[in-house]
Amino acid sequence: MSELLVNVIQARDTSFNIGYKFGKHLKNNPLLTVLDSITRPEIDYNSLKSIFSNFAPHLLEEIDGLACGLEISTMKSASLFSGYDVPKTEAMGCSAIITKDYYVRNYDFSPALYDGIFSLVQSESAFATAGYNLQVLGRHDGINQEGLVIGLHFVSNNGYSKGVSPWTAIRIVLDMFSSVDDAIQMLKEIPHSACYNFSLGDNNGNIAVVEASPETVIVRLGDSSLSCVNHFQDETLINKNRLSIDGSVKRDSYLQDMSTENITHQDMFENFKDKSSPLFFTDYDNLFGTLHTLSYSFQNSRIMTTIAQSNQILDFNFEDWVKGENITAQMLKGKIDTV
């Protein structure tokens, strides 16, 4: 068993200065070597700039800040962190349940491709957000100050093309939109690179799953609850699924059964984080091990999150953080099973 460490970074500033702070944090960080090995040496910066200028121009400033903090070129910073035109990534799990009261999810992948950063960011140009970083600029999942929550769920690389990664799409949603409806509209417009599900909920009781491929985007709406895993359910998209979706279907069935019970936010969170749960996995060598659990209560702005197999739970009121009350935690510690 080995230790899994996640840094908690809090930043309230301009987008450029936030990027600069993250750049300084990444100096001599092994994550840079990992990102350099899985991204392209160069990307079409003009295409990236056009997309970001349309949906979230402040992220171009953050890329510049990262470049300055790391003392690299803007072009290199964009290649490393933008999430645009990223080569294919295989596997990846993730299970979520969204109700009108709360959102709970597990992120399953490999610690070798994990930023190990939970950030709380309040930019002068965007909504304040909390979430787990992916490729630094992007997010696995997160919450914004308006009570909008979103997470990604890999489906397949069927039809893979140059486009925006789902983790960058999540960052744009969190930074720029306050409702599920507005987020859906953006997810219909942005060019997707691969097949992913997005699980969403907001403070107004709206919940949805967006099934997105490079060619088509379909929306599933729910009344009281929705589950989201790693396969498409819409008939027009099921041909995009991986050959084997048995595990995903099994998790979805388990989540749907739970949704019929009157389970509290706290109890649902405990279920997801429990190593003995059908939603918790330890196959890290095959890119399918649980790394973190994230949850949010729409009723009281309560965020609860933890790293795999940890007794340490970060539990705080996000609305208080938005008002200026920093949290004291600087690092989250968990454990992963190793062969």
Side-chain angles (χ1 to χ4, degrees), residues 15 48-62 82-84 96-105 119-132 134 137-153 163-193 195-226 228 232 234 237 294-299 301 303 318-319 321-322:
S15 292
L48 163 70
K49 186 176 181 180
S50 175
I51 294 169
F52 276 24
S53 295
N54 187 29
F55 293 104
H58 67 285
L59 293 182
L60 293 171
E61 298 174 28
E62 191 166 322
S82 71
Y84 180 72
I97 191 162
I98 322 110
T99 75
K100 292 184 179 297
D101 296 322
Y102 56 75
Y103 175 103
V104 185
R105 115 185 196 98
S119 62
L120 297 106
V121 173
Q122 191 168 41
S123 167
E124 294 179 358
S125 308
F127 290 132
T129 64
Y132 285 90
L134 177 51
L137 194 80
R139 299 291 186 267
H140 298 281
D141 37 44
I143 304 102
N144 73 16
Q145 70 183 69
E146 299 297 297
L148 178 64
V149 189
I150 181 171
L152 61 80
H153 307 252
V164 174
S165 69
W167 45 93
T168 297
I170 282 181
R171 177 67 189 278
I172 294 172
V173 165
L174 292 173
D175 280 15
M176 305 306 295
F177 301 104
S178 60
S179 71
V180 165
D181 287 346
D182 289 342
I184 288 172
Q185 186 58 44
M186 190 283 287
L187 291 170
K188 287 181 176 179
E189 295 177 17
I190 206 163
H192 296 281
S193 60
C195 297
Y196 276 81
N197 286 324
F198 296 89
S199 50
L200 302 105
D202 67 26
N203 245 358
N204 296 317
N206 301 306
I207 59 177
V209 170
V210 173
E211 301 186 349
S213 76
E215 302 86 10
T216 309
V217 175
I218 301 293
V219 179
R220 287 196 286 122
L221 299 175
D223 294 322
S224 58
S225 68
L226 276 173
C228 187
F232 288 148
D234 188 271
L237 286 173
L294 176 70
S295 73
Y296 179 73
S297 169
F298 298 113
Q299 306 300 312
S301 301
I303 291 177
F318 187 47
E319 188 174 331
W321 188 89
V322 172

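In what follows, residues are counted from 1 in the order of the sequence shown.
The side chain to side chain donor-acceptor pair (under 3.5 Å) test with Ser199 is passed by exactly one of His153, Arg220, Arg105: His153.
Between the side chain of Glu211 and the backbone N or O of Leu237, no donor-acceptor pair lies under 3.5 Å. For Gln145 (side chain) and Ala128 (main-chain N/O), a donor-acceptor pair under 3.5 Å exists by modelled atom type. Under the 3.5 Å distance criterion, the side-chain polar atoms of His140 are left unmatched by any main-chain donor or acceptor of Ile170. Side chain of Ser82 to backbone of Tyr84: a donor-acceptor contact under 3.5 angstrom is found. Side-chain atoms of Asn204 never come within 3.5 Å of backbone atoms of Asn206 as a donor-acceptor pair (strictly under, hydrogens ignored). Between the side chain of Glu146 and the main chain of Ser179, no donor-acceptor pair closer than 3.5 Å is present. Here the side chain of Tyr103 pairs a donor or acceptor atom with the backbone of Gly151 at under 3.5 angstrom.
Interatomic distance, Asp101 CG to Phe298 CZ, rounded to the nearest 0.5 Å: 9.0 Å. Summarising the geometry, atom CG belonging to Leu200 is positioned 11.5 Å from atom CZ belonging to Phe177; distances are rounded to the nearest 0.5 Å. Note that CZ of Arg139 and CD1 of Ile172 are 12.0 Å apart. Values are rounded to the nearest 0.5 Å. Interatomic distance, Cys228 SG to Tyr196 OH, rounded to the nearest 0.5 Å: 12.5 Å. If you take CG on Asp141 and OH on Tyr132, they are separated by 8.0 Å, rounding to the nearest 0.5 Å. Distance CG/Leu48 to OG1/Thr168: 8.5 Å, rounded to 0.5 Å.
Ring orientation note: the planes of Phe318 and Trp321 are close to parallel, at an angle under 30° on the 30°/60° scale.
Between Asn144 and Val173, every side-chain heavy-atom pair lies at or beyond the 4.5 Å cut-off. No side-chain heavy atom of Lys188 sits under 4.5 Å from any side-chain heavy atom of Val210. Considering only heavy atoms from C-beta on, Met186 comes within 4.5 Å of Phe55 through its side chain. Side chains of Ser178 and Leu148 form no contact here, defined as non-hydrogen atoms less than 4.5 Å apart. Counting only heavy atoms from C-beta outward, the side chains of Leu294 and Ile143 approach each other to under 4.5 Å. A heavy-atom distance below 4.5 Å is found between the side chains of Ser301 and Tyr296.
Judged as a side-chain hydrogen bond (donor to acceptor under 3.5 Å, both in side chains), and not counting sequence neighbours, Asn203 has no contacts. Partners of Arg171 according to the side-chain hydrogen bond (donor to acceptor under 3.5 Å, both in side chains) rule, which considers only residues two or more places apart in sequence or in another chain, are Glu62, Asp175.
More than 12 non-hydrogen atoms from other residues, nucleotides or ligands lie less than 6.0 angstrom from NZ of Lys100.
Considering all non-hydrogen atoms of both residues, Ile51 and Pro191 come closest at CD1-CG, 3.7 Å.
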